Every structure is written in structure tokens, then in C-alpha cells.
Amino acid sequence: MSSEPDFTRLRYLRETEEDRRENAETTLSVSELIYPIFVTLGSGISRPIDAMPGQFQMSVDVAVEKLGAVHDAGVDKVLLFGLPQYKDSTGSSAQDADEAVQSAVREIKRTLHTMTVITDVCLCEYTDHGHCGIVTAEGHVDNDATLPLLAAAAVSHAEAGADIVAPSAMMDGQVAAIRAGLSHGGFSDTRIMGYSAKYASSFYGPFREAAGSAPQFGDRRSYQMASTQSDEAMREIEADIAEGADFIMVKPALAYLDVIRRASETFPEPPLAAYNVSGEYSAIKAAAANGWLDEESAAMEALMAIKRAGADLIISYFAPDAARWLAQHS
Ligand code: PBG
């Protein structure tokens, strides 16, 4: 008769730091991180974003310097958002070759050859009404009238040298319109990361201060998805893939881990990105500033959760910090 008790000793897996590392089912690598930043024209500008401690609106020179350090730390993918010089009803500054995003792309590609540059393609930062598309006299967002404008913005980013364009407007057919525009412009190598399943989320609050993109009337619920939806997210992703998306995305991440998991299982290809959005960042920052949470362990736990759910790539304002934390523990 054995004296061994009749239960499984799972604690053997976690006794020491070494055991835990050896038995890790999920790992996070700096190569999976994408760092989102906000750029503006001018020089020497570094304006702190109140609602996102540690993040700044930066002129191109400052952004390039900052990205040099970030790249040295191992983060080699950046997502650019622009603060334009002017706004109008059709968001024409979105396709202006002299604007902040296009200038930043040229400068980053010139100085940091191995940095993958991804650009956000949307109209909300560029329209005076703050909506992601053209607004009709009745106050509706006109899907089809918006498509050529998104395509023109994407082409201007490709012309500047963007590696990947990322449409976030949630207009039906935006990936197809951009794909056609890029082909027509001779940019067959430029890849498309669709913000495929993007939810209407409170967690974008801090971003709207950062990007100056809050809608001046109404909200985005007629084009972004409701948090009640999961089947619909799969249809959105399926549509993006059919239209030629090279990457798909679920956004936000933390309140939608089930959607990330489902997307990763339903669509093993193409690579799946998840956006750890501004509010998810600011919530941890604010709690940490009050001494209510430990910033590093809370942020890394959140990033690990997103990875474990099935994301191949994680867009996060924590990217540079995470690179440092990962290096300290390796
Ligand atoms: C729209 C866009 C938004 C974000 C990324 N692209 C805001 C919105 O839809 O209102 C949010 C990102 C974040 O909160 O970090 N161009």
C-alpha cells in the first residue's frame, strides 16, 4: 500500500522562480509589442498628455529621438497618430503629405531603417466634427463617401514610406477600398492591419484627449460595435480577411479577452493584434500613482493575459516599459 496521498502535486510546477519559468505556458516577447505615439508638426515639442501619464504629444524630431531609445530597448514597431495643423468637414489634412504623420513616417524610415512603421488611418483626428467619416446634412456618417478619403489617406502614408496602414474608422469596405487604392498607386507591398473588431468603448476616453478626436456631437455607436456582440466580431474579422487584410485586430483588449480567444481560434491566420487601449493604460497608471496597485506587476499581468488569450501582437502604451521589465527579468 502506497503512503502517497491520492492527489496531484501541481505545486511542484511553481515552487521556485526557475520552476515557474520552465513551466510557463505563455511567454511574452518584446518583438510582439507595438508602441503607439502621437505626433505633431513643429520642433522641440513634448507636451505631456494629462490623462495618460508618461505619454506625450511630440514633434517629429522629439519622436524620432524617443523612438531611437525605444528601438535600442528592442521595440521595433510603432503605430503613429497625428495631430494635424487644420481640420475641416472632410478631414482633408488626413491625406496631406506635409502633415505630421507623413512627415514622421519619412523621418523615422530615414533614421531608423529597421523600425516597422504602422499608421492609423481614420478621419476623426482630422475632421472638425470629430467623427470617423463624412457626416451628411442629417447628421449621419456616410459610409461609402468616406471610403475614397480613407484610401487617399492610406496612399499618402504609403507614399511617405509606411510599412503597414491600419484603418480604424469602422466603415464597411474600408480594407477593400484601401487595398484598391494602394494597388492603383503602385504600393503593392504596403500591408494592411484592419481594426477589424473595434468596439464603441469608454476605454478610449484618454485617447480622445491625446489625439484631440472627441466627436463634437453624438457618439460612435452607429459604426463601432456594441459590447454585447461576439458573433458579429467574427463577421467583421471575416469581412476584413476577405477584403485582403494582412493583420486583424480586436480592440480594446482587456474587456474583450473572450473575443481575442475566439478570434485566434476561428482565424489562425492572419496574425491577430490586440489593442491595449488608453483607458486600460491610464487605469493602471492612476491606481499605481495612488499606491493602490504595483504598476509593473499589474501591467505585465494584463499584457500576459492578452497574449494568453491568443494575441500575436499587442499594441500598448506600456511597450517601452514592458521592454525594460522583460529585460530585467531575463
Ligand atoms: C480612431 C481611434 C481611436 C483609438 C484608436 N484609433 C479612438 C476612437 O475610436 O474613438 C483609440 C485608442 C486608444 O484609446 O488607445 N481613430
Side-chain angles (χ1 to χ4, degrees), residues 33-39 49-57 78-84 87 91 93-95 99-101 118-135 141 146 149-150 153-154 157 164-171 174-175 178 192-227 236 247-256 273-286 299 302-303 306 311 313-319:
L33 302 174
I34 301 173
Y35 184 38
I37 64 165
F38 303 93
V39 293
I49 299 162
D50 283 348
M52 300 176 71
Q55 305 303 315
F56 301 83
Q57 295 176 340
V78 64
L79 172 61
L80 300 179
F81 292 94
L83 296 136
K87 300 192 186 214
S93 51
Q95 46 177 292
E99 269 295 350
V101 164
I118 310 168
T119 56
D120 183 82
V121 177
C122 194
L123 297 187
C124 64
E125 297 121 271
Y126 304 94
T127 50
D128 47 19
H129 47 70
H131 276 287
C132 302
I134 295 282
V135 175
V141 172
T146 302
L149 304 178
L150 294 173
H157 296 175
I164 305 174
V165 293
S168 66
M170 283 303 276
M171 295 298 125
Q174 63 184 10
V175 171
I178 289 172
I192 303 175
M193 177 182 281
Y195 279 70
S196 313
K198 177 174 173 180
Y199 288 87
S201 174
S202 307
F203 290 97
Y204 305 153
F207 173 94
R208 292 180 185 171
E209 178 207 324
S213 65
Q216 298 305 302
F217 64 89
D219 53 45
R220 303 207 201 293
R221 284 182 293 179
S222 75
Y223 40 104
Q224 298 179 348
M225 289 177 42
S227 61
E236 283 284 0
F247 303 85
I248 52 178
M249 193 194 300
V250 172
K251 177 189 173 191
L254 293 176
Y256 300 89
Y275 200 140
N276 177 216
V277 300
S278 57
E280 299 173 340
Y281 170 83
S282 299
I284 289 178
K285 280 293 209 184
L303 293 175
I306 298 166
L313 293 163
I314 303 174
I315 303 167
S316 178
Y317 303 96
F318 282 116

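Source: prediction; values computed, not measured. Both counts, for ligands and for their atoms, begin at 1 and track the order of listing.
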### Query
Could K198 and Y275 be counted as a cation-pi pair, given that NZ or CZ must be under 6.0 Å from the ring centre and within 45° of the axis?
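No - K198 does not lie over the ring of Y275 by the 6.0 Å and 45° rule.
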### Query
Distance under 6.0 Å and angle within 45° of the ring axis: does K251 meet both against Y204?
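The answer is yes, since K251 meets both limits relative to Y204.
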Could you check [atom] against the protein and tell me its nearest heavy-atom contact, residue, atom and distance included?
atom: atom 14 (O) of ligand 1; result: S278 OG, 2.7 Å
atom: atom 4 (C) of ligand 1; result: K251 NZ, 2.6 Å
atom: atom 12 (C) of ligand 1; result: F207 CD1, 3.3 Å

### Query
Quick one: does M170 get within less than 4.0 Å of ligand 1, heavy atoms only?
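No; M170 lies far enough from ligand 1 that no heavy-atom distance drops under 4.0 Å.
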### Message
Quick check on E280 - does any of its heavy atoms sit under 4.0 Å from an atom of ligand 1?
### Response
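Distance cut 4.0 Å: E280 fails for ligand 1.
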### Distance-only polar pair, side chains of Y126 and E99, donor-acceptor under 3.5 Å
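The answer is no; no qualifying pair exists.
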Only heavy atoms of [X], strictly under 4.0 Å: list the atoms of ligand 1 that pass.
X: V277; value: 13 (C), 14 (O), 15 (O)
X: D120; value: 6 (N), 16 (N)
X: C124; value: 1 (C), 16 (N)
X: F81; value: 5 (C), 6 (N)
X: S168; value: 1 (C), 2 (C), 6 (N), 16 (N)
X: Y275; value: 12 (C), 15 (O)
X: Y317; value: 12 (C), 13 (C), 15 (O)

#### Entry: Closest to atom 1 (C) of ligand 1 (judged by heavy-atom distance), picking from E125, K198, M52, Q55
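Residue with the shortest heavy-atom distance to the ligand atom: K198.
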### Message
Evaluate Q224 for polar contact with ligand 1, using N/O atom pairs at a separation under 3.5 Å.
### Response
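Yes - when backbone and side-chain N and O of Q224 are compared with those of ligand 1, one distance drops under 3.5 Å.
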Validation row: [X], [Y] side chains within 4.5 angstrom (heavy atoms):
X: I37; Y: Y317; value: no
X: L150; Y: L123; value: yes
X: L303; Y: I314; value: yes

### Message
Counting only heavy atoms not in F247 (residues, nucleotides, ligands), do more than 12 fall under 6.0 Å from its CZ?
### Response
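More than 12 heavy atoms, drawn from other residues, nucleotides or ligands, come within 6.0 Å of this atom.
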### Query
Please, which pairs that meet salt bridge (charged side-chain N to carboxylate O under 4.0 Å, His left out) have at least one residue in residues 201-224, sequence neighbours excluded?
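Non-adjacent pairs meeting salt bridge (charged side-chain N to carboxylate O under 4.0 Å, His left out): D219-R221.
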### Query
Is it the side chain (CB and beyond), the backbone, both or neither of Y281 that lies under 4.0 Å from ligand 1, heavy atoms counted?
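For Y281, there is no contact with ligand 1 at all, from either part.
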### Message
Under 4.0 Å, heavy-atom basis, I'd like to know which part of C122 is in contact with ligand 1: side chain, backbone, both or neither.
### Response
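It is the side chain that gets close, since no backbone atom is under 4.0 Å.
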### Query
What do the steps show when you test F318 against Y35 for ring pair (Phe, Tyr, Trp, His ring centres under 6.0 Å), and what is the final call?
CA-CA 8 Å; F318 282 116; Y35 184 38; over 10 Å; no
### Query
Is there a donor-acceptor pair closer than 3.5 Å between any side-chain N or O of Q55 and the backbone N or O of M52?
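No: the side chain of Q55 does not pair with the backbone of M52.
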